[in-house]
Amino acid sequence: MRTHSPSNRLLTATGIALLRTDADALLFSAKSFAAAMLAYYIALRAGVPKPSWAIVTVYIVSQTSAGASLSRGVYRFAGTIVGAAATVAIVPCFVNDPLVCSVVLAGWIGLCLYLSLLDRTARAYAFVLSGYTASLIGFPGVFNPAAIFDTASVRVQEISIGILCAVLVHRFVLPKRMTGQFTAKLSATLRDARRLAGDALHGSSGPEIRRDRDRLAGDLLALQGLAGHLPYDPVPVTPSRETLHLIHDRLARLLPLATEVADRIHALRSGDRSLPDELAALLDEAGHWLAAADAAGRDAVAIRLIDRARTLRTRIAGEAVTAGDRLAANLAGHLAELIGLLHECDRLGRIVVRSSARTAIAATMPPDAASHRRAGRATGYVYHRDPWMAARSALGAVAGIVIGCAFWIWSAWPEGGLAVSILGVCCALFGNVDTPAPNVVKYMTGSLVGVAVSLVYGFAILPRVTDFAGLAAVLAPAFLVAGSLQARPPTTYMALGITLTIPILSGLGASYAGDFAGSLNSVVALFAATGFAVVSMSLFQTIPVDAAIGRLLRLNRRDVRRRALGGAPDEALWTSLMIDRTALLLPRLRLSGASHPDVLDDTLHHLRVGHAAGRLHRAIRHLDGNDGASDGEIAHDGFELLTAVALRFGPGYRAGPSDATALHRRIEALMARIAESPTAGRALLLDLLIDLRFALGPGGAVAWETDR
């Protein structure tokens, strides 16, 4: 019998994936070209002055899925209307002072960029287009303010035609639905979550669990990016927002919880110690449950395992004598939570796949999820927003545009308005990353190809075309190749340089009007603008990757300090925010030339300390309200402990080995005092102190070997 080696199967799977990618790219390209020609035909029939802008709009709006194309079209239309209205309001007010008018337009573009950087959702595209549109319409009209309303009006018409055609073609012609992509990504994310949980149950603490943890953080960001387009997908029912939020909350909590479970297993197995027999048996069964393939069978086993873990925790905690007993009880509680989270994710994932209505969700929701809904709304994904960094990038864009405007007005360059409008477009479109210049270079490279193709079309091919069908036929090769490149992320920006250049420079108007001198002037303006954009964005809008990493870590420490002092009490929001920061760090670490081996571990450390300190602060504040003298003394010592934790994360603090040891001893002393007290919430306080002790660092885990 013939067998296939794993390497052959891998090659086969890779080949199939590549073929599927090629097929998707070709289909996207064909649909985009069809939409572009439809838009061009309608624009010609409507008699708009520059029908080529309808083609340009199609390629800007078109996305590889129907839902993303519609959402992008909606946000582009909204941004175009707002940007055009802003331009009409700004330009006539400064009719006698072109430089001031240019500065105000630059300020508007900077404001739009600032808002888009703060938003970070699909909605941010509307802010980008508000600045983009103001740049395209406003700068060429600075010296002709009387025509600004007419220019804005026809530009909105041309863009609207392109949006409508792109949306209709991608939605109704062989639509690729975003829901399918989302459910496939969700299934992969749930597999990654189970893999991470399996690592935790084995007590792993090396690169395996770190890699799985980082992958899950990236998965959550990718899922959120896809989920933003789901409401626009052409399907009868899409998953409810609350269901998606519930899944995210549980997966986000799972990420630090897996490390907590692994740390406790490792501590209980350290030295000559071993896990209690019942706890070891529970871990084995949980591992078998994770590996089970039958989803329906996993549900019943999960409920039984959760009940066993909770019962075991209660019994061990009630009989606890040593610190090791309390740690075993704590581990049992975390096991119950981990199994419960995975169980709920499984069931919610099946609900998403079935695309059930909200009533069906309520009927099939697990008990813990239902109680979560009664306690409050799900938090969902929380984006990290940094107003200071957004303002820095926006002010950099304003500075670059103002310098370009000053040169244009001072030199009286006839094509300067076009050049500055392209500069503003570059700042708006590419300014949403730390280092935008490389993306502008890719766009510039594509523009170079687009210019060469445009000149061939404009002066060698198009003069011989006599009808629309012939025009579409001769344009097809260039646009089909460029559209295929646009569907592939590595070449998207280069392809945009081609598809946005050909329609304008080729002279695709209502009739052929070849103007070689005018084309050359436009080419000079294009490359002068993009070249200056590379320089100005490198100087004013680039944020060094190490500086971005350092700022995220400083913000983490600041927020841990706030949590320890009772601020930012929402635990789910805190966890999700830190997950997003982890996802933001991943690509930056890959780009950084310096070595940052512990940055992601530091972020997880901050997440765990903030989570434990915030919960402990709330529990101690509740204890402080009791009448007992013992409770008041414990609360006083607890607040002092949390103050010491806050100081540890203060600015300029340099921790030494003795500081960590002193902090762990304070936790031990407080735990001993609570264990001997009649405090009603004793078990909860001990659990939270164990969580804080482990979260603060390895000193907590080492100490358990001597405490038991």
Side-chain angles (χ1 to χ4, degrees), residues 4 6-40 55-73 122 162-163 165-189 191 218-219 222-223 225-230 232-236 238 352-353 355 442 445-446 449-450 453 472-500 502-503:
H4 298 280
S7 60
N8 288 337
R9 288 196 297 269
L10 179 60
L11 289 173
T12 302
T14 304
I16 292 172
L18 290 174
L19 288 174
R20 185 179 294 115
T21 300
D22 290 340
D24 290 343
L26 291 173
L27 178 60
F28 167 82
S29 181
K31 292 196 297 182
S32 297
F33 179 68
M37 291 299 97
L38 176 62
Y40 184 48
I55 300 176
V56 168
T57 300
V58 167
Y59 279 97
I60 293 178
V61 168
S62 294
Q63 299 292 294
T64 54
S65 74
S69 294
L70 178 56
S71 71
R72 200 173 178 91
I163 292 172
C165 293
V167 167
L168 289 177
V169 170
H170 285 287
R171 190 173 184 85
F172 294 107
V173 178
L174 299 175
K176 185 177 180 182
R177 292 177 172 82
M178 178 61 74
T179 305
Q181 297 180 47
F182 179 84
T183 53
K185 183 61 179 177
L186 177 60
S187 298
T189 301
R191 287 195 300 271
D219 287 344
L223 276 177
L226 296 174
H229 301 294
L230 287 178
Y232 300 92
D233 215 31
V235 293
T238 58
V352 169
V353 172
S355 298
K442 293 177 183 177
T445 303
V449 176
V453 174
V474 299
L475 290 176
F479 278 102
L480 288 174
V481 172
S484 175
L485 293 174
Q486 187 173 327
R488 306 166 197 267
T491 55
T492 295
Y493 290 119
M494 186 184 75
L496 279 174
I498 300 173
T499 54
L500 271 58
I502 292 176

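All figures in this text were calculated on a predicted structure; none of them were measured in a lab.
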### Query
Do R177 side-chain atoms and P234 backbone N/O form a donor-acceptor pair below 3.5 Å?
yes
### Task
Measure the shortest side-chain to side-chain distance between F182 and D233 over non-hydrogen atoms and say whether it is less than 4.5 angstrom.
no
### Task
Drop me the distance from L230's CG to L223's CG, to the nearest 0.5 angstrom.
9.5 Å
### Summary
CG of D24 to OG of S65, rounded to nearest 0.5 Å, is 11.0 Å
### Task
Write down the atom of V61, the atom of A166, and the distance for their closest heavy-atom approach.
CG1-CB, 4.1 Å
### Query
So, the side chain of S29 versus the backbone of A25: is there a donor-acceptor pair under 3.5 Å, distance only?
no
#### Entry: Under 3.5 Å donor-acceptor, S69 side chain and S62 backbone
no
### Pairwise distance OG(S32) to CE(M37) - rounded to 0.5 angstrom
11.0 Å
### Task
State, with a plain yes or no, whether a side-chain heavy atom of Y40 is found less than 4.5 Å away from one of V58.
no
#### Entry: side-chain contact (heavy atoms from CB on, under 4.5 Å), paired with L485, selected from L496, T491, T499
T491
### Message
Looking at every non-hydrogen atom in both residues, tell me the closest pair between Y59 and Q486 and how far apart they are.
### Response
O-NE2, 2.7 Å
### Query
Which atom pair, heavy atoms only, marks the closest approach of I498 to G446?
CG1-O, 3.3 Å
### Query
Just by distance, do the side chain of S484 and the backbone of L480 share a donor-acceptor pair under 3.5 Å?
no
### Query
Can you tell me if R72 uses its side chain to pair, donor with acceptor, with the backbone of I60 under 3.5 Å?
yes
### Query
Looking only at heavy atoms, what is the nearest atom pair of G180 and T183, with distance?
O-OG1, 3.0 Å
### Message
Any donor-acceptor pair under 3.5 Å linking the side-chain atoms of S187 with those of R191?
### Response
no
### Message
I'd like to know if the side chain of K31 and the backbone of L174 have a donor-acceptor N/O pair within less than 3.5 Å.
### Response
yes
### Message
To check you understand the geometry: which heavy-atom pair defines the closest contact between H229 and G225, and what is its length?
### Response
CD2-O, 3.5 Å
### Task
Looking only at non-hydrogen atoms, find the nearest pair between V167 and G73 and report the distance.
CG2-CA, 4.4 Å
#### Entry: CD1 on I55 to CD1 on I502, rounded to 0.5 Å
10.0 Å
### Query
Quick one: does Q181's side chain have a donor or acceptor within less than 3.5 Å of a partner on L226's backbone?
no
